[in-house]
Protein chains: 2
Amino acid sequence: MSALGTAVDILRCFSEARPELSFAEIMAATGLPKSSTSRMLRALREARLLEQDEVTRRFRPGLLTFELGRLYRAHDDLIGRAETALKEVCARTGHTGYIAVLDGCDQMVLRMVPGSNPLRVVSPAGQRGSAIATSNGRAMLARLSDTEILARLPVPFPVLPRNSPHSPAELLGRVAEIRRTGQSASDNEAIEGVASQGFALCNRETGEMIGVAVSYSSQATPPEERAHVARELEAMARAVGSVIGDAVWGQSREAAR
Amino acid sequence: MSALGTAVDILRCFSEARPELSFAEIMAATGLPKSSTSRMLRALREARLLEQDEVTRRFRPGLLTFELGRLYRAHDDLIGRAETALKEVCARTGHTGYIAVLDGCDQMVLRMVPGSNPLRVVSPAGQRGSAIATSNGRAMLARLSDTEILARLPVPFPVLPRNSPHSPAELLGRVAEIRRTGQSASDNEAIEGVASQGFALCNRETGEMIGVAVSYSSQATPPEERAHVARELEAMARAVGSVIGDAVWGQSREAAR
DNA sequence: CCAGTCTGTTCCAAAATAAGGAACCATGTT
DNA sequence: AACATGGTTCCTTATTTTGGAACAGACTGG
């Protein structure tokens with residue numbers, strides 16, 4: 001275990017759910033001995049990767065993370081194009097859109113595009129969740145081989161919401177269906193009461209991949225509205241996919257098969 | 001030099017001006033030998049602190065920085081209060097507002113509040129610059145002792161725009177004036193053609209400090225407009241300052257002296 | 001084809017750092 | 001005083017990190 005690895009183990013303890021942690025919490029979460037924890041926290045603080053509240057003594061991400069995080073794909077061409085197109089989709093449908101990337105078998109929301117619908121799904125940028133339980137997450141997984149997918153799965157298979165896949169085999173079945181149509185849907189999964197449709201985009205040149213989704217209330221969205229969303233997403237996928245050379249969307253569906 | 005220190009040296013090479021860097025550029029910027037550079041970049045990539053474009057081979061901040069950066073003071077009470085108040089100031093004055101923190105003798109913009117004025121100053125969140133050359137930067141420095149300020153200055157004193165302080169003595173003189181009034185101004189400094197007014201806020205309990213500023217076109221903003229901005233900022237400083245127990249703004253000016 | 005350049009990677013022994021347990025410290029509570 | 005919590009420092013051992021050298025791959029020009 002390298003010093004950098006230890007540092008990153010600590011950094012990974014912080015999340016939306018736990019943006020601040022105490023000495024003891026970090027020690028428990030990492031399993032590091034007291035002295036190692038103390039030294040490493042001091043080093044991280046001095047490096048500005050963490051900072052410490054003077055009163056509560058709790059640690060939180062530091063200024064350097066803010067600075068670097070701001071730079072993360074700030075001028076990414078694929079994300080820029082997708083975001084522009086998604087804004088139009090969300091303007092027309094009224095629903096909330098998301099752009100995410102895959103990390104292991106998690107997905108991380110990079111961009112959120114608000115819709116105008118009064119019933120609002122809010123899952124802010126920076127939100128991490130299982131890719132297995134979301135439409136765009138599964139769409140991204142569908143771009144990998146079955147072997148690659150299986151290699152990413154944690155053991156044991158994670159406990160997921162009731163409508164999500166509950167085994168590797170079930171996941172692969174879902175993924176096969178997504179590969180056939182290019183589109184992916186979820187209903188009452190990652191967030192109860194919320195449904196979504198999504199697809200993946202992959203830049204042929206760079207291998208960069210993102211997942212795009214539009215979320216809406218499961219109960220309040222009738223089938224014809226869902227069909228509308230599906231058409232909008234397909235049109236968007238084709239428009240952006242043709243520019244970036246996406247293997248699925250960059251040409252006609254017939255030729256892709 | 002620790003491994004973490006080396007890693008951070010590399011991370012600090014990235015900036016708004018240089019969001020992506022090649023192997024050779026990182027090597028040159030850090031002075032690290034080739035083999036050290038190669039190993040450390042690999043470790044940073046595996047840790048998701050950096051990622052690498054597959055085509056250009058250039059490195060850039062990775063997903064973990066995005067994730068942690070999102071958490072940075074996301075729910076900070078002082079910043080939240082200041083941002084709410086600043087939004088009202090900017091709505092009333094039409095100009096752009098900023099909230100920044102001090103890092104060494106630099107300042108880092110954390111929040112930008114757009115104004116409605118058609119002539120727009122844009123200095124996005126994540127922007128780093130010398131605190132010596134900005135109104136709110138100097139206001140934050142004014143909250144430190146002269147000794148503390150001098151300890152933060154790089155040697156030699158940095159080359160700064162023409163209206164900025166050009167020596168430690170000149171800076172201390174400016175700072176003394178800010179300490180007297182609580183307010184700080186700049187004109188044609190960090191950005192040519194741009195003027196700003198600012199002040200600092202310091203949470204008595206936690207020691208947390210931020211600098212607030214409103215920027216506007218130097219040429220297009222007459223004195224009565226500037227006076228209006230000054231009054232707005234003073235009112236904001238008092239309102240927020242009294243809540244957080246700021247030493248300067250948390251009570252009347254007479255009692256503070 | 002060969003040589004040179006650029007972008008890296010790997011090897012290896014020495015140097016440096018990091019590690020963990022134990023002792024210690026400071027503060028607060030019973 | 002004893003105990004609990006949040007740490008810090010010491011010290012010896014183990015592990016990691018280091019940098020120069022050798023190597024590798026891709027590309028360009030003669």
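For clarity, every value in this text was computed on a predicted model and none was experimentally measured. Chain letters run A, B, ... following the sequence lines, proteins first, then strands; residues in each count from 1.
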| remark: The contact string for nucleotides 25-30 of chain C, one letter per nucleotide 5' to 3', using protein heavy atoms under 4.0 Å with B, S and - for base, sugar-phosphate only and none, comes out as ------

For the pair made of [atom1] in [X] and [atom2] in [N], what is the distance, rounded to whole Å?
X       : N      : atom1 : atom2 : value
B:Ile26 : C:dT7  : CD1   : P     : 12 Å
B:Gln52 : C:dG8  : CD    : C1'   : 10 Å
A:Met40 : C:dT17 : CE    : C1'   : 11 Å
B:Leu21 : C:dG8  : CG    : C1'   : 16 Å

| task | Could you list all the salt bridge (charged side-chain N to carboxylate O under 4.0 Å, His left out) pairs where at least one residue sits in residues 146-158 of chain A, not counting sequence neighbours? | result | A:Asp146-A:Arg179

| All pairs passing salt bridge (charged side-chain N to carboxylate O under 4.0 Å, His left out) where residues 125-142 of chain B contributes a residue, at least two apart | A:Glu67-B:Arg128, B:Asp103-B:Arg128, B:Asp106-B:Arg128, B:Arg138-B:Glu189

Tell me every residue that passes side chain to side chain donor-acceptor pair (under 3.5 Å) with [X], counting only those two or more places apart in sequence or in another chain.
X       : result
B:Arg42 : B:Glu46
A:Glu20 : A:Arg60
B:Arg39 : none
A:Ser22 : A:Glu25

| For DNA chain D, which nucleotides open and close the run of contacts to chain A, 5' to 3', at under 4.0 angstrom from a non-hydrogen atom? | D:dG6 to D:dT17

| Residue whose nearest DNA chain D nucleotide is more 5′ - A:Arg58 or A:Leu4 | A:Arg58

| said: Using a 4.0 Å heavy-atom cut-off, does B:Thr6 contact any base of the nucleic acid, only the sugar-phosphate backbone, or nothing at all? | reply: sugar-phosphate

| request: Under 4.0 Å between any heavy atoms, over every strand shown, what does B:Ser22 touch: base, sugar-phosphate, or nothing? Just pick one. | output: nothing

| field | Rounded distance [0.5 Å steps], CG in A:Leu49 versus CG in B:Leu4 | value | 6.5 Å

| Is B:Leu71 close to A:Glu16 at the side-chain level, that is, under 4.5 Å between some pair of heavy atoms? | yes

| Can you pull the side chain to side chain donor-acceptor pair (under 3.5 Å) pairs that have at least one residue in residues 71-86 of chain A, sequence neighbours excluded? | A:Arg73-A:Glu208, A:Arg73-B:Glu51, A:Asp77-A:Arg81, A:Glu83-A:Arg111

| note | The ring pair (Phe, Tyr, Trp, His ring centres under 6.0 Å) partners of A:Phe59 (sequence neighbours excluded) come to none

| note | Taken in chain and number order and not counting sequence neighbours, the residues that satisfy side-chain contact (heavy atoms from CB on, under 4.5 Å) with A:Met27 are A:Phe23, A:Lys34, A:Thr37

Please list, for nucleotides 9-16 of chain C, all pairs of protein and nucleotide N/O atoms separated by less than 3.5 Å.
unit_1: C:dT9; atom_1: OP2; unit_2: B:Ser38; atom_2: OG; d: 2.6
unit_1: C:dT10; atom_1: OP2; unit_2: B:Arg42; atom_2: NH1; d: 3.3

